[in-house]
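This report concerns only the one structure given below.
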Amino acid sequence: MTRVDKELTVFRRVNEAISLSPDVEAVAGVILDIVIDETIAENASLMMPSPDGSQLQIKAAKGNRDKSTRFSDTSLGQVFPLGKGIAGSVALSLKPVIIHDTATDPLFENKKTRIAIGSLMSMPLVYGGGELVGVLNLSHSRPHAFSEDDLSLVNVLLPPAALALRNARAMKELEDINSLLKAELCMTDNALNDFGKNIFRIFTCMSVGVLTADRSGTITSINKKASELLGLGPGESLSTLLKDGMLQVPESEVRDVTLDVEHEGKVLSMEISTLPMKPEQQMLACVRDVTVERFKERELVRIKDQYKDMVENALDAMYIIKNGRFLLTNRKFQEMLGFTQEEILGRHVRHFVTKGSIHSLGTCLRHQSGDIFVPNLEIQAVRKDGKMLFLEISIGRLVIEGQRCYVGVVRDITSKKELLALKTRFLHVASHEIRVPLTVIRGYARMLSKDAQGILSPNQMENIREIEGQCEKLLHFSNSLLDFAKINTEKISLHRQQVNVADYIRGVVRSMQIKARDKKVGILFQCEEQAPELSVDPLRFEQALCNLLDNAIKHSPEGGTVTIAVSRGVHEHNAMNKLLNRESLMIAVKDQGPGITPEDARELFSDFFVGASGRAKGGIGLGLSITREIVHAHGGMVEALPTGEGGYFVITMPLNREDD
């Protein structure tokens, strides 16, 4: 038999099944007979939704050795939640699933079955635009048993089979309803009267306003709630509330309308249904007070538009990335790269940044899970006109609806990098020009200080020692210039190690004790009992801490105390960490010196800035600047907090650990 002949035979047999309504069992039996007879399937089953639509129930089943179909009005014993298992997924997606080899396909989870299943097909029976009637399952003991011809043949079967089953089920439901109505009509007149009274009481006391009106809009009945909301009663007209033509509906039409009506300062939602009743058409309306709901909706739209405008008009470039592709950028971002919104959205990040920057981004994000925040990451991007840009970006990762999204801020630091290169070259030259004569001066001073012949007077020896002291200051200044130039010329290379914070900082404090004792200043270390581990470059981070401690010792009076305290928590001044609820490690250094003014607090970490108290101590304005660069390279931040009682500096380091 040819394929066309088979399809015609299937179509004819399914049409014959339609005539068997309302016998659902007979219709299901014919459908399974056709499947077993006309396809290679060894076993077939038919599943239908439960009355509440939450489960699939096996209503009928048949094998090629069965003489007749097994059927049950409730279930043959197996019930599957909608969306679970192969058939449940097919019922939810309304798309067929074919498993050619159950032994290797991960979708097939039920490995222990009473019959051998090597391959199977599961197809939805759908009526109209998407009404699920049932799920048809076919199986064979041999893998790869089903061919495209089998699938095509079953596809011919599915639409008329869905129609036949739906008709049978609908006609059976109609028969059940008719039987129920006949039983209800057999009630006595007194029972009917009581029933009517109870319905009226319910109608009157409902919390939702309900009314009926005739075609002219005159209210024929209205409950207490609707009367309170509308201020109307029976016999009054709705025409003042409804639009013209709303009431003029032909008797042959039945339509549902939902509209908002403003009445006496309130917003009322009216759901109106036109009912073609005899002898005269009636209109049923449900009335609810939705004033608060509509206010909240308008406020939500207003706030959403406001935030959208804030992002669009922000001074910094901002972006959102999903699956490596741009989901949103603002105007500043587009102007920075020279592309339009349409040219950016949907394109992958790799089209805009260099290969080296892709590697840097991957290194920062690959080994971290959950919600994270990475600040001050330098990358290179290419403008539309081909110009290379240096960018400083901040990246925050959020998991939204199970998918990772990256949000952040971008700043163009190209001009800053160019100026930095010029400044660095100048610093190299200046440092070299200082060190050359300084070496000569210090050499002669050391030679004179030996006074091998004993011919120098005490005043002359004091002058030579002053020369040596000033040489040491200039040498320190020259070394600071070189450190500063190196840090600003090259990206700081970090050799990170996991260190115990408490033990590590105790070691730094020990190294500063000699200088503190010379100044007659004490150092107090405070730390939580269970301090976390931190990933840092031990040498570089020690340099940053020593700069802060040295600064605190320098500004402390004799007999004073420098306190270094370690704590953990969500940093209140960092908006992104606060948004992501990310814990940070905070290292605070506090002295008992003259304090920091608000003006100095904003500028202390600027290059070559020296505060009022620093000038008195001979500072050159590079120590705190170098500290800032080292801390930033570690992904942290350092700040000076204004206070009238001693200096107060805080280093904040993100722990970047996944929330429990």
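All heavy atoms count here, side chains included; hydrogens, waters and symmetry mates do not. The residues of the chain are indexed from 1 along the displayed sequence. Here the structure is a predicted model, which is why all the values come from computation and not from measurement.
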Exercise. Can you check whether Tyr319 reaches Val410 side chain to side chain, under 4.5 Å on heavy atoms?
Worked result: yes
Problem set entry | Verdict with supporting geometry, Asp537 and Leu539, side-chain contact (heavy atoms from CB on, under 4.5 Å) | CA-CA 6 Å; Asp537 183 321; Leu539 294 178; 3.9 Å; yes
Problem set entry | Euclidean distance, Arg540 CZ relative to His634 NE2, rounded to 0.5 Å | 9.0 Å
Exercise. Between Ser535 and Gln497, is a side chain to side chain donor-acceptor pair (under 3.5 Å) present by the stated rule, with each step listed?
Worked result: CA-CA 5 Å; Ser535 176; Gln497 297 178 22; over 6 Å; no
Exercise. Can you find a pair of side-chain heavy atoms, one from Phe333 and one from Val409, that are under 4.5 Å apart?
Worked result: no
Exercise. Once the angle between the rings of Phe339 and Phe352 is folded into 0 to 90°, is it parallel (under 30°), tilted (30 to 60°) or perpendicular (over 60°)?
Worked result: perpendicular
For this session: Considering non-hydrogen atoms only, spot the tightest contact between Gly560 and Gln592 and give its length.
Result: CA-OE1, 3.2 Å
Problem set entry | Under-4.0 Å salt bridge between Arg506 and Asp503 | yes
Exercise. What closest approach, in Å, do Val508 and Glu542 show between heavy atoms, and which atom pair accounts for it?
Worked result: CG2-CG, 3.8 Å
Problem set entry | Flag for Thr354-Ser357: side-chain donor and acceptor within less than 3.5 Å | yes
Exercise. Between Asp105 (side chain) and Ile99 (backbone), is there a donor-acceptor pair under 3.5 Å?
Worked result: no
Exercise. Is it true that a side-chain atom of Glu629 and a backbone atom of Ser625 form a donor plus acceptor pair closer than 3.5 Å?
Worked result: no
Problem set entry | Shortest non-hydrogen separation from Gln543 to Ile630 and the atoms involved | OE1-CD1, 3.6 Å
Seminar exercise, completed: Output for pair (Cys405 SG, Lys322 NZ), nearest 0.5 Å, gives 5.5 Å
For this session: Taking all non-hydrogen atoms of both residues into account, name the closest pair between Leu377 and Ile395 and its distance.
Result: CD2-CD1, 4.1 Å
Exercise. Is Met586 close to Val566 at the side-chain level, that is, under 4.5 Å between some pair of heavy atoms?
Worked result: no
For this session: Determine, step by step, whether Leu548 and Leu624 satisfy the side-chain contact (heavy atoms from CB on, under 4.5 Å) criterion, reporting the C-alpha distance in whole Å, the side-chain angles of both residues, the deciding distance to 0.1 Å, and the verdict.
Result: CA-CA 7 Å; Leu548 290 183; Leu624 293 180; 3.6 Å; yes
For this session: Starting at CG of Leu391, measure out to CD of Gln380 and round the result to the nearest 0.5 Å.
Result: 9.0 Å
Problem set entry | Donor on one side chain, acceptor on other, Thr563 and Gln526, under 3.5 Å | no
Exercise. Can you find a heavy atom in the side chain of Lys515 that is under 4.5 Å from one in the side chain of Leu549?
Worked result: no
For this session: Measure the shortest side-chain to side-chain distance between Pro642 and Thr597 over non-hydrogen atoms and say whether it is less than 4.5 angstrom.
Result: no
Exercise. Can you tell me if Gln513 uses its side chain to pair, donor with acceptor, with the backbone of Arg510 under 3.5 Å?
Worked result: no
Exercise. Does any donor atom in the side chain of Asp412 or Thr414 lie under 3.5 Å from an acceptor atom in the other side chain?
Worked result: yes
Exercise. Does a salt bridge link Arg383 with Asp385, judged by any charged N lying under 4.0 Å from a carboxylate O?
Worked result: yes
Exercise. So, for Lys519 and Ile553, which heavy atoms are closest and what is the spacing to 0.1 Å?
Worked result: NZ-O, 3.2 Å
Exercise. Among Val562, Asp591, Thr561, which one satisfies side chain to side chain contact (heavy atoms under 4.5 Å, CB included) with Val521?
Worked result: Val562
Exercise. Heavy atoms, side chains only, cut-off 4.5 Å: are Phe390 and Lys416 in contact?
Worked result: no
Exercise. In Å, rounded to the nearest 0.5 Å, how long is the span from CD1 of Ile320 to CG of Leu327?
Worked result: 6.0 Å
Exercise. Judged by atom type as modelled, is there a donor-acceptor pair below 3.5 Å linking the side chain of Tyr504 to the main-chain atoms of Gln498?
Worked result: no
Exercise. Is it true that Asp316 and Arg411 make a salt bridge, defined as a side-chain N closer than 4.0 Å to a carboxylate O?
Worked result: yes
Exercise. How long is the gap from CG on Asn547 to CZ on Phe649, to the nearest 0.5 Å?
Worked result: 11.0 Å
Problem set entry | OH/Tyr648: more than 12 non-hydrogen atoms of other groups inside 6.0 Å | no
For this session: Step through the shown structure and confirm whether more than 12 heavy atoms of other residues, nucleotides or ligands are within 6.0 Å of CD on Glu462.
Result: no
Problem set entry | Flag if over 12 foreign heavy atoms under 6.0 Å of NE2, His351 | yes
Problem set entry | Chi angles and distances behind the side-chain contact (heavy atoms from CB on, under 4.5 Å) call for Val349, Arg325 | CA-CA 6 Å; Val349 178; Arg325 300 181 182 275; over 6 Å; no
Exercise. Given Val631 and Thr652, is the side-chain contact (heavy atoms from CB on, under 4.5 Å) satisfied, shown in steps?
Worked result: CA-CA 9 Å; Val631 173; Thr652 304; over 6 Å; no
Seminar exercise, completed: Separation between OG (Ser556) and NZ (Lys590), nearest 0.5 Å, reads 11.5 Å
Exercise. Heavy-atom distance under 4.5 Å between the side chains of Leu337 and Glu343, does that happen here?
Worked result: no
Exercise. If we only count heavy atoms from C-beta on, is the Ile564 to Ile587 side-chain gap below 4.5 Å?
Worked result: yes
Problem set entry | For the student: nearest non-hydrogen atoms of Lys332 and Ala317, plus distance | CG-N, 3.6 Å
